[in-house]
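Numbers restart at 1 for each chain; the letters A, B, ... are given by sequence-line order, proteins then strands.
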Amino acid sequence: MVEIDSKMPTRRLRPLRRRELPVSTVRLARYLIGKTLVRQLPEGTLAGRIVETEAYLTGDAAAHTFRGPTPRNRSLYLERGHAYVYFTYGNHFMLNVSGGHDGTGEGVLIRAVEPIEGIELMEHRRRTKSLKDLARGPGCLASALQVDRRLDGVDLTVRGPLWIGTALQRSSAIGTSVRIGITKEVHRLLRFYERGSAFVSGPRRLNLSA
DNA sequence: CGGCTGATGATCT
DNA sequence: GATCATCAGCCGG
């Protein structure tokens, strides 16, 4: 039993309840650091510890909702705790958690996780055995966890194909920086990461101070 | 490690 | 037609 448990750590988890999620999207982005992202597939369970997030807010020119609702971004307007998955650069899916109340177009981009469970499946999918590179960066993360548009709109607060569980281990200090890969609102400090984690993306200079 | 570049296609103007 | 919340590969230091 002990052995099975160590290979399936997500057995000990429960989904986060919606009322536990901060309504403030900035607070949600910080809150999600250290929590567990779980992907359940017929072949097994994949899971990782969230180590890097970014907030995208109302009135934020870098947010997909800046010009209002469109068919693509409608999931961002759902009550907090739903998935917004979109496709970009011709190759990659990105996973967000919707923030705020129903009708508020905010979200948290999940940029990196520390692999916890289903590592062999992730290695196969990503075609690398470098643990730290399996889910480092939002496109890599989506590929490793087999996240695609079919998961757009799913409720992340209930056990299902994709959900967010409680933390397995406490997070160390959270650092703050500018967001990565955007061309607007570049100065805003809306990226959050676990300090000292080897699984965080981005240039080293963004991963030092608080 | 940091910097640069091409790939690739959905989305919105 | 431009843009894009990226990545892998390649180069120089």
Side-chain angles (χ1 to χ4, degrees), chain A residues 25-26 28-30 32-33 37 48 50-78 80 82-100 104-113 115 122-153 156 162 164 174-209:
Chain A
T25 299
V26 173
L28 178 63
R30 298 183 67 107
L32 290 175
I33 301 290
L37 181 63
I50 297 171
V51 296
E52 182 183 357
T53 62
E54 286 177 356
Y56 288 86
L57 307 176
T58 300
D60 174 359
H64 285 180
T65 51
F66 186 60
R67 292 181 168 80
T70 68
R72 175 177 71 160
N73 69 22
R74 73 193 193 296
S75 297
L76 279 176
Y77 291 89
L78 297 173
R80 65 194 191 283
H82 289 82
Y84 165 52
V85 180
Y86 71 95
F87 183 73
T88 192
Y89 289 110
N91 290 297
H92 310 289
F93 292 98
M94 308 282 150
L95 171 65
N96 291 242
V97 180
S98 67
T104 303
E106 303 194 341
V108 175
L109 173 68
I110 309 299
R111 288 194 54 93
V113 303
M122 295 187 208
E123 288 172 343
H124 188 254
R125 177 84 173 190
R126 289 271 298 117
R127 299 173 185 229
T128 177
K129 288 205 166 185
S130 168
L131 188 64
K132 72 177 178 17
D133 293 330
L134 285 181
R136 179 184 167 131
C140 297
L141 180 160
S143 174
L145 296 187
Q146 302 188 37
V147 169
D148 64 34
R149 220 177 340 241
R150 293 188 297 257
L151 295 168
D152 186 40
L156 300 171
L162 185 68
I164 300 178
I174 294 175
T176 304
S177 84
V178 296
R179 294 173 291 184
I180 293 176
I182 56 171
T183 58
K184 297 164 192 146
E185 308 253 3
V186 296
H187 57 286
R188 301 187 76 175
L189 299 176
L190 292 173
R191 173 174 172 268
F192 305 98
Y193 59 94
E194 178 175 44
R195 285 226 251 168
S197 170
F199 301 94
V200 169
S201 76
R204 187 178 290 276
R205 67 186 163 76
L206 291 186
N207 298 329
L208 300 176
S209 69

What's the verdict on side chain to side chain contact (heavy atoms under 4.5 Å, CB included) for A:F87 and A:D148, showing C-alpha distance, side-chain angles and the deciding distance? CA-CA 8 Å; A:F87 183 73; A:D148 64 34; over 6 Å; no
Exercise for review: Dump the intermediate steps for side chain to side chain donor-acceptor pair (under 3.5 Å) on A:N73 and A:T65, then the final yes or no.
Suggested key: CA-CA 7 Å; A:N73 69 22; A:T65 51; 5.8 Å; no
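Remark: DNA chain C forms stems of 3 or more consecutive Watson-Crick or G-U wobble pairs, all pair distances under 3.5 Å, at B:1-7 with C:6-12, B:9-12 with C:1-4.
Between A:R149 and B:dT11 there is a side-chain polar atom (N or O) within less than 4.0 angstrom of OP1 or OP2.
Where DNA chain C meets chain A (any atom under 4.0 Å from a heavy atom), the bounding nucleotides read 5' to 3' are C:dC4 to C:dA8.
Among the protein residues, A:R179 comes within range of no part of the nucleic acid, since none of its heavy atoms lies under 4.0 Å from any strand. A:R191 comes within 4.0 angstrom of no nucleic acid atom, judged by non-hydrogen atoms across all strands. Contacts of A:T88 with the nucleic acid, taken as non-hydrogen atoms under 4.0 Å apart, include base atoms. Looking at heavy-atom distances under 4.0 Å, A:L109 makes contact with a base. Residue contacts for A:G90: at a heavy-atom cut-off of 4.0 Å it reaches a base atom on one of the strands shown.
Counting heavy-atom neighbours within 6.0 Å of A:R74 CZ, excluding the residue itself, gives a total of 12 or less.
Annotation: the span from A:R150 atom CZ to A:L162 atom CG amounts to 12.0 Å, rounded to 0.5 Å.
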